[in-house]
Asker: 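Sharing a structure below in structure tokens format, with a few things to ask.
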Number of protein chains: 2
Amino acid sequence: MLNADETEAAGDSLGGSGLAARLYEDLTRAILAGTLAPGEKLSEPAIARSFGASRAPVREAIRRLQERGLVTYAVNQGARVAQPSAAEFLALLDVREAMEGMAARLAATHMEASEVATLEALVADHRGEIERNPLGAYLQDDPETDFHRRIARGSGNPILADLLCEQFYPRLRLCRRLHRTVQGRGREAWREHLRITEAIGQHDGELAEILMRRHIRAARAALQTALAAP
Amino acid sequence: MLNADETEAAGDSLGGSGLAARLYEDLTRAILAGTLAPGEKLSEPAIARSFGASRAPVREAIRRLQERGLVTYAVNQGARVAQPSAAEFLALLDVREAMEGMAARLAATHMEASEVATLEALVADHRGEIERNPLGAYLQDDPETDFHRRIARGSGNPILADLLCEQFYPRLRLCRRLHRTVQGRGREAWREHLRITEAIGQHDGELAEILMRRHIRAARAALQTALAAP
DNA sequence: TTGGCTAGAATTGTCGACACTATAAGGAAG
DNA sequence: CTTCCTTATAGTGTCGACAATTCTAGCCAA
């Protein structure tokens, strides 16, 4: 769980200075890191004790986790860390295809030159990492997600950006942790990133959307075949 | 506010039997009906008293409303009914275009014949209502939303359906209440509904998506022009 | 040994209470 | 009369406590 502090970059209506906000962040980290295993029960009193807090802020944090899909909740039975099924994973990717396609389209007409430059640099760095680590294993903060996050924010649509960054990406990380069958399509994915970046740099929203949707659909297809043949 | 009971059809992880769930539903209704005006403060003690409950479930309901975008929250300042700006309205419609486009695409390959028939019947009924009320004023439960809700559920993607039905449609209703400038494009919208339904009936997902996106983009354009020329 | 039942412990949903903060009313100074 | 400060009021964030419910462990019977 480590120290929370302000790892979260300024972005949305998350933090606040409240205790509940810190608990939310710590619990999120614990779930995504696997410290809290999928299916594990989240006992309010236990968590409260372990943080030296009372149950009220813990409850609040847990309810927010539920809202974000990281825990499941049953009345009078409390919360458990979510265990997304393969079907849920696939469903998530369908929605992601739609939303990130739109994000890429908007980013193409909204991102400024400096932002595009940052994105290009990111892709360049990403290439280096792939050469060093060809397996394409998923890192803690994988550059893949960084790329997509940057585009989401670059769309200039705060609703879209928050949905993607706060709701979808954490949930996706949890899905990937559970269904490891799919391995990163390192080089291909990188090439697709490059082309998406080009389209955005040329302010070609239509193309950017098509490429982004293809990119995500390819990942989804890879997952689907990996699931079909164990 | 009327009686809450079980207006919500079975669909998602909403209700539960808890008091907080009932409060959430009642507050949602109050906000969408205008009983609680946009910008109005939501005082936890006041609401708790008016419902004969304590603050705990009220807090929970309010936090959920915040998560769904119906109220804004400031630390140590409490909640106020959201006042979506025109920009937010437009941003919401961009995301909606992406998500409903995907919903229509999926519905085309997922809806069964009986569901399609229901959809067709809905559109037929809708026509009657338009003839009777050509202004296309927004009704309490407007058939427009019913149509879109049915497609969202028909997508067979629970994540997408819940996002649309629970998060987007209420928020959209609030937006429409605030920015009345846009009037329903009754007949045109109906014709578009008809064509979308046809595409779904023919299991043409690609076409259904295109038509749905056009449909929503047209509504967005109408809003934009209405905003530009007051 | 296995299955179902019962008593106990633990947990959840809700409540009332208290410090700290923000807001609003009222008075003093200019 | 306006502006700033003071003070009272109301509200939020958090806490500990209790009833109702659920899970668990142990016992009894087959």
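Note that these values count all heavy atoms, side chains included, but never hydrogens, waters or copies made by symmetry. Below, read A as the first sequence line, B as the second, and so on, with proteins coming before strands; counting in each chain starts at 1.
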Asker: Have B:R96 and B:Y169 got a donor and an acceptor in their side chains that come within less than 3.5 Å?
Answerer: no

Asker: Any chance you could measure A:M99, atom CE, to A:I159, atom CD1, to the nearest 0.5 Å?
Answerer: 11.0 Å

Asker: Without decimals, in angstroms, what is the distance between B:L42 CG and D:dG13 P?
Answerer: 13 Å

Asker: With a cut-off of less than 4.0 Å, is there a side-chain N or O of A:Y73 near OP1 or OP2 of C:dT11?
Answerer: no

Asker: From D:dG13, D:dG11, C:dG13, pick the nucleotide closest to the side chain of B:P45?
Answerer: D:dG11

Asker: Go through the steps for A:R29 and A:Y24 under the test side-chain hydrogen bond (donor to acceptor under 3.5 Å, both in side chains), then give the verdict.
Answerer: CA-CA 9 Å; A:R29 242 185 300 280; A:Y24 169 74; over 6 Å; no

Asker: Quick check for you: among D:dT22, D:dT14, D:dT12, whose closest atom lies nearest to any side-chain atom of B:S43?
Answerer: D:dT12

Asker: In whole angstrom, what separates A:R59's CZ from D:dG13's P?
Answerer: 16 Å

Asker: Are any of the side-chain nitrogens in A:R220 or A:E97 under 4.0 Å away from the carboxylate oxygens of its partner?
Answerer: no

Asker: For nucleotides 15-18 of chain D, give me every protein contact, N/O to N/O, under 3.5 Å, one pair per line with atom names.
Answerer:
from   : atom 1 : to    : atom 2 : distance (Å)
D:dC15 : OP2    : A:S54 : N      : 2.7
D:dC15 : OP2    : A:S54 : OG     : 3.1

Asker: B:K41 has an atom NZ; how far is it from atom P of C:dT21, in whole Å?
Answerer: 17 Å

Asker: For the pair made of CG in B:N76 and P in D:dT12, what is the distance, rounded to whole Å?
Answerer: 10 Å

Asker: Rounded to whole Å, how long is the line connecting atom CD of A:E60 with atom C1' of D:dT12?
Answerer: 11 Å

Asker: Between P on C:dA10 and CD1 on A:I47, what's the gap in Å once rounded to a whole number?
Answerer: 17 Å

Asker: Checking B:R177 side chain against B:L32 main chain: does a donor-acceptor pair fall under 3.5 Å?
Answerer: yes

Asker: Once you round it to whole Å, what is the distance between P of D:dT22 and CZ of A:R80?
Answerer: 15 Å

Asker: Go through A:E166 and A:R153 one step at a time and tell me if the salt bridge (charged side-chain N to carboxylate O under 4.0 Å, His left out) criterion holds.
Answerer: CA-CA 11 Å; A:E166 309 304 329; A:R153 295 278 179 219; 3.4 Å; yes

Asker: Establish, with yes or no, whether the OP1 or OP2 oxygen of D:dC23 is under 4.0 angstrom from a side-chain nitrogen or oxygen of A:Q77.
Answerer: yes

Asker: Nearest-Å distance, CD (B:E44) to P (C:dT21)?
Answerer: 17 Å

Asker: Aromatic rings A:H193 and A:F147: how do their planes relate, parallel, tilted or perpendicular, breaks at 30° and 60°?
Answerer: parallel

